[in-house]
Structure formats: C-alpha cells, structure tokens
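Per chain, numbering begins at 1; letters A, B, ... match sequence-line order. Just so it is clear, the structure is predicted and the values come from calculations on it, not from any experiment. We use all heavy atoms of the structure for the numbers below, so side chains are in, but hydrogens, waters and symmetry mates are not.
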There are 2 protein chains.
Amino acid sequence: MERDGPRFPPGTRKLVYVQVADEIAKRIKDGTYPPESRLPAELEFVAEFGCSRESVRRAVQELRDRGWIETIKGKGSFVLPPEERPARSS
Amino acid sequence: MERDGPRFPPGTRKLVYVQVADEIAKRIKDGTYPPESRLPAELEFVAEFGCSRESVRRAVQELRDRGWIETIKGKGSFVLPPEERPARSS
DNA sequence: GGAAATTTGTTCGTATGTATA
DNA sequence: TTATACATACGAACAAATTTC
C-alpha cells in the first residue's frame, strides 16, 4: 500500500496504517460496517489492502483509541454505536 | 540512550548497543534475569531504554554471541544456566 | 466432550529508507 | 564514504481465547 510511492519531503508521506485506519473509519461512517457489527478479520484486511498484519493492527488500534470500536481476543473487533463513542471522535 | 551525550574524542563514545548489552549482562550477572528465565521482549527494552529496536537487537545478538542467552523465534530470549555458557564469557 | 479452525495477542526475523557523524 | 542509529513495514512463529463441527 504505497510503501514506496513518490518521494515526499520527510514526514509528509501518509503512513500505511493511517491509510488503512482512514479507510475503515470511512466505512464505519458510511454504514458499510454498521453499529454492533463485527469488522472483517485482520487477515481479511491484509488480503484486501495488500499490506502487513502489523499495519492492520495499528490501524485497528487507532480506531480503538478513538473509541469507535472494541476488540475481543478470539472474537474480533466490533463497531460501537455512536452514542457509546466519545463526543469528539469523528 | 545517550545518542548525543557529551562530546568524546572520535571513536571513543560508547555505542548505544554496547550500553544496552552491558546493562542486560549486568542484570543477568546480578540475578535480575535468572537462569532459564525469559528476557523482556525487545520492544520492552526499546521502551525502557528509549532506543531503537535495532540497537536492542544488536545488544541481544551480542549476548547470544557470548553464549549467555538463546533466542527462539516467536517466544523470546532465555538466559542460559552458567554451566551451559562458554568458559571465557564473563 | 473434544478436536480443529478461526481470530486476536505477542515476539523474533528481515528489509529498506533517512539522518547523522 | 562508512558506520551507527532510528523509523516504518512486511514476514513468520508461537500463544491464548473463541467458535465450529
């Protein structure tokens, strides 16, 4: 996922995990992944985005930190309903 | 870990990975990390010492070369009992 | 109940790019 | 120019929780 890409000034390139996090966030916002639903498994995202599991995990952690999802070991990550999300988390 | 630090005559400053290796060796010697025990993960050392993973890995490799520890992929690095260590490895 | 598959969690292995001395 | 050091990213193996058959 554009690991190399064009040469940007240092610190300007969009990191892979940010790209992934942004895409998943977009899908949550537009209802592709509705509240209460389970997100695709990490390895599914790996296959879809063609990136590493580490990048997917960082992206998921980002969304977790924003309060958009919760993750349960052995089960998956679940979209939190908007009312359970922190106010300033868009 | 003192990447910048005071100015030494060229080639005199103690390298980061050497500092880390010395510190871990000290802890093995004083029993902080006893025989058979698992060392903290690389990323834990990164957090504690505030250096890069590369420097930690170099340090760990140094101890491996000295015969103080063995490393198993996916599991960690383990302190070898003194009797399994080479004679001249202090 | 039990074994296998699924899924997240953890850890080491490797490659590459950038900055600096 | 070379060696050190940091950061990002991908790969692989193992561990633990859960689900499925």
> If each of B:I72 and A:E54 is mapped to the nucleotide of DNA chain D with the nearest heavy atom, which maps nearer the 5' terminus, i.e. the 5' end?
Replying inline: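 The residue closer to the strand's 5' end, by nearest nucleotide, is A:E54.
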>> Looking only at the side chain of A:R58 (C-beta and beyond, no hydrogens), which of the listed nucleotides D:dT8, C:dC12, D:dA5 gets closest?
In response: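 Closest nucleotide to the A:R58 side chain: D:dT8.
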Could you tell me the separation between the [atom1] atom of [X] and the [atom2] atom of [N], rounded to a whole number of Å?
X	N	atom1	atom2	value
B:E44	C:dT11	CD	C1'	10 Å
B:Q19	D:dC6	CD	C1'	15 Å
A:E70	D:dT18	CD	C1'	15 Å

> Is there a donor-acceptor pair under 3.5 Å between the side chain of A:E44 and the backbone N or O of A:A41?
Replying inline: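 Pair found, side chain donor or acceptor close to backbone of A:A41.
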Is [X] salt-bridged to [Y], cutoff N-O under 4.0 Å?
X	Y	value
A:R27	A:E23	yes
A:R66	A:D22	yes
B:R57	B:E42	yes

>> Below 4.0 angstrom, which residues in residues 73-82 of chain B have at least one non-hydrogen atom near DNA chain D?
In response: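 DNA chain D contact set from residues 73-82 of chain B: B:K73, B:G74, B:K75.
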>> Base of C:dT10, side chain of A:R53 - is there a donor-acceptor contact under 3.5 Å?
In response: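 When only heavy-atom distances are counted, A:R53 does reach the base of C:dT10 through a donor-acceptor pair under 3.5 Å.
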>> Any residue in residues 35-42 of chain B with a heavy atom nearer than 4.0 angstrom to DNA chain C? Just list them by number, or reply none.
In response: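 Heavy-atom contacts with DNA chain C come from B:R38, B:A41, B:E42.
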